[in-house]
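Both ligands and their constituent atoms are indexed starting at 1 by order of listing.
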Amino acid sequence: MCGIVGIVGKTPVAQSLYDGLTVLQHRGQDAAGIITIEQNRFNLRKANGLVRDAFHTRHMKRLSGNMGIGHVRYPTAGTSSSAEAQPFYVNSPFGIAFAHNGNLTNSHDLQEEVFRIARRHINTSSDSEILLNIFAHELQNCTELSVSAEDVFKVVTSVHKKIRGAYAVVAAIIGQGVVAFRDPNGIRPLALGKRVTAMGEEYMVASESVALDAVGFTFIRDVAPGEAIFITEEGELHTQQCAENPSTSPCIFEFVYFARPDTFIDGISVYASRVNMGRKLGEKIAREWADLDIDVVIPIPETSMDVALQIANTLELPYRQGFVKNRYIGRTFIMPGQTMRKQSVRRKLNAISSEFKGKSVLLVDDSIVRGTTSGQIIEMARESGAKKVYFASAAPEIRFPNVYGIDMPSANELIAYGREIEQIADLIQADGLIFQDISDLVAAVREENPDIQRFETSVFDGNYITADIDQAYLERIDLARGESSRAPVLQAELSNLDMHNMDSD
Ligand SMILES: O=P(O)(O)OC[C@H]1O[C@H](OP(=O)(O)OP(=O)(O)O)[C@H](O)[C@@H]1O
Ligand SMILES: NC(=O)CC[C@H](N)C(=O)O
Ligand SMILES: [Mg+2]
């Protein structure tokens with residue numbers, strides 16, 4: 001998952017872009033970038049690391065201009081090289097900067113087509129660079145020296161026809177404006193907001209509504225699946241549906257884990273959906289574990305806290321914070337590499353042993369993916385003197401790889417793959433293990449917006465919404481990105497790719 005922002009303002013936008021990215025940091029911790037436009041020039045700063053580390057005062061000073069876009073990255077294609085940090089840039093037509101959240105499922109075919117038909121070279125292994133070049137090639141067909149809203153909508157219509165997968169995109173075009181669009185299934189989120197100033201209206205798009213709140217923009221609405229937004233340099237807003245059969249099928253994992261609780265996606269409060277998940281799971285626990293002697297419900301910070309509190313309320317049990325989170329350590333699941341993830345769990349969470357001593361505890365997490373967190377946390381609970389350790393997951397068993405922007409390319413890495421619940425419980429050493437049912441998870445989220453007919457739930461049921469995923473594709477991504485098969489990349493090779501960001505210090 002990545003986070004994207006774009007602003008067309010009346011005054012310099014760098015600080016607002018920066019602030020917007022800091023509240024989207026939970027979507028990507030690997031790299032951050034901002035590009036602004038002033039007097040027909042791009043100013044770019046992108047680097048590996050968190051937002052606060054990538055931008056120093058000297059960079060912010062250089063990021064002048066009233067229009068710009070930004071990105072925080074969690075890689076799902078290519079490498080962690082700073083050259084694959086976004087925004088990406090191409091000089092023709094006009095000069096385009098581009099930021100993408102999601103993952104294309106036909107990038108392999110597209111790369112070949114981009115070369116054969118458009119004679120365009122792709123210098124990295126990032127699917128986002130391919131997407132940018134498809135977009136640029138379509139824009140090239142507009143022969144006028146300025147781009148109209150109709151041109152933009154034609155371009156996005158053609159792009160939708162060529163690419164498949166998940167994409168929320170924001171692009172800044174020199175001398176023209178900012179374009180944003182969302183894939184026809186609306187897998188990845190994108191929100192539109194407005195800020196009224198004495199000098200006129202300013203517009204912003206962002207992956208999550210919380211980024212609009214943080215910089216004083218008012219949420220207008222979600223960008224519709226398939227829709228394109230064009231905000232001209234002068235600040236005029238144009239919108240049009242550009243997909244033939246759009247459907248709103250947001251990724252359910254946004255609600256389980258990715259998004260911040262204070263975000264609204266497609267009319268759904270992420271927080272409220274998590275409370276509903278807690279209620280449903282609490283009811284299942286009451287039904288199936290009626291004879292268990294649970295003394296206390298303890299969340300595994302941070303994402304599961306809203307779910308755990310509601311489970312405790314439903315079961316009428318005490319809710320206690322038995323683990324303290326080190327606030328300076330980020331999310332472990334989106335860290336690159338299993339070794340780093342594993343080491344970080346104990347650095348991130350510490351048990352308050354008095355909350356465990358002699359008690360039967362119910363630990364709650366939002367999800368169990370590789371089992372990195374649950375295994376270690378149960379061990380910590382036992383070391384702290386817990387009598388019994390039960391474990392509940394607000395999401396069902398994750399048995400299928402993700403191909404839409406979550407870095408789970410290999411089924412073999414998933415602890416629930418090919419295993420029954422008892423086997424998983426044995427592996428993580430839980431005295432009892434319970435998962436939310438898929439129907440309850442969907443109902444919990446849908447309760448907040450019954451108009452949504454379908455969610456993207458492939459990691460749980462293997463039904464990929466783009467219908468283009470077969471075994472051969474899954475084997476290819478497993479080979480390319482799976483933990484065990486991932487080829488080591490030389491540092492020198494990575495820095496050689498870094499072409500568009502020369503003044504990187
Ligand atoms: O089974 P695993 O492979 O360990 O993955 C699942 C865990 O990873 C996430 O936590 P993370 O530390 O990323 O973030 P959080 O602080 O938002 O909970 C998630 O909330 C689970 O705790
Ligand atoms: N998680 C994402 O949205 C990743 C975007 C893009 N596929 C990349 O790897 O950079
Ligand atoms: Mg967690």
TODO: Name all pairs fulfilling the ring-ring contact (aromatic ring centres under 6.0 Å, His included) condition that reach into residues 320-348, sequence neighbours left out, sorted by first residue then second.
DONE: Tyr257-Phe333, Phe323-Phe356
Task: Candidate with minimal heavy-atom separation from atom 16 (O) of ligand 1, of Arg370, Arg331, Lys348 - done: Lys348
- [ ] Using a strict cut-off of under 4.0 Å between a residue heavy atom and any atom of ligand 2, list the qualifying protein residues by chain and number.
- [x] Met1, Cys2, Arg73, Tyr74, Pro75, Thr76, Ala77, Gln86, His100, Asn101, Gly102, Asn103, Asp127, Ser128, Gly405
Where is the nearest protein heavy atom to [atom]: which residue, which atom, and how far?
atom                    : value
atom 22 (O) of ligand 1 : Asp365 OD2, 2.6 Å
atom 15 (P) of ligand 1 : Thr303 OG1, 3.4 Å
atom 4 (O) of ligand 1  : Thr373 OG1, 2.6 Å
atom 6 (C) of ligand 1  : Ser367 O, 3.5 Å

- [ ] Would you list the pairs meeting side chain to side chain donor-acceptor pair (under 3.5 Å) in which at least one residue belongs to residues 102-112, sequence neighbours left out?
- [x] Thr76-Asn103, Thr105-Asp468, Glu112-Arg116
Side-chain donor/acceptor pairs under 3.5 Å, residues 419-427, sequence neighbours excluded:
unit_1, atom_1, unit_2, atom_2, d
Arg419, NH1, Ile415, O, 2.8
Gln423, OE1, Glu420, N, 2.7

TODO: Record the part of Val369 in heavy-atom contact with ligand 1 below 4.0 Å; permitted values are side chain, backbone, both and neither.
DONE: both
- [ ] Check Arg341 against ligand 1 and report side chain, backbone, both or neither, counting heavy atoms closer than 4.0 Å.
- [x] neither
- [ ] Test the Lys162-Phe135 pair against the cation-pi criterion, namely NZ or CZ under 6.0 angstrom from the six-membered ring centroid and within 45° of the ring axis.
- [x] no
Open item on the list: What I want to know is whether Gly371 and ligand 1 share at least one N or O pair that is separated by under 3.5 angstrom.
Closed with: yes
Task: Heteroatom proximity flag, Ile300 to ligand 1, N/O under 3.5 Å - done: no
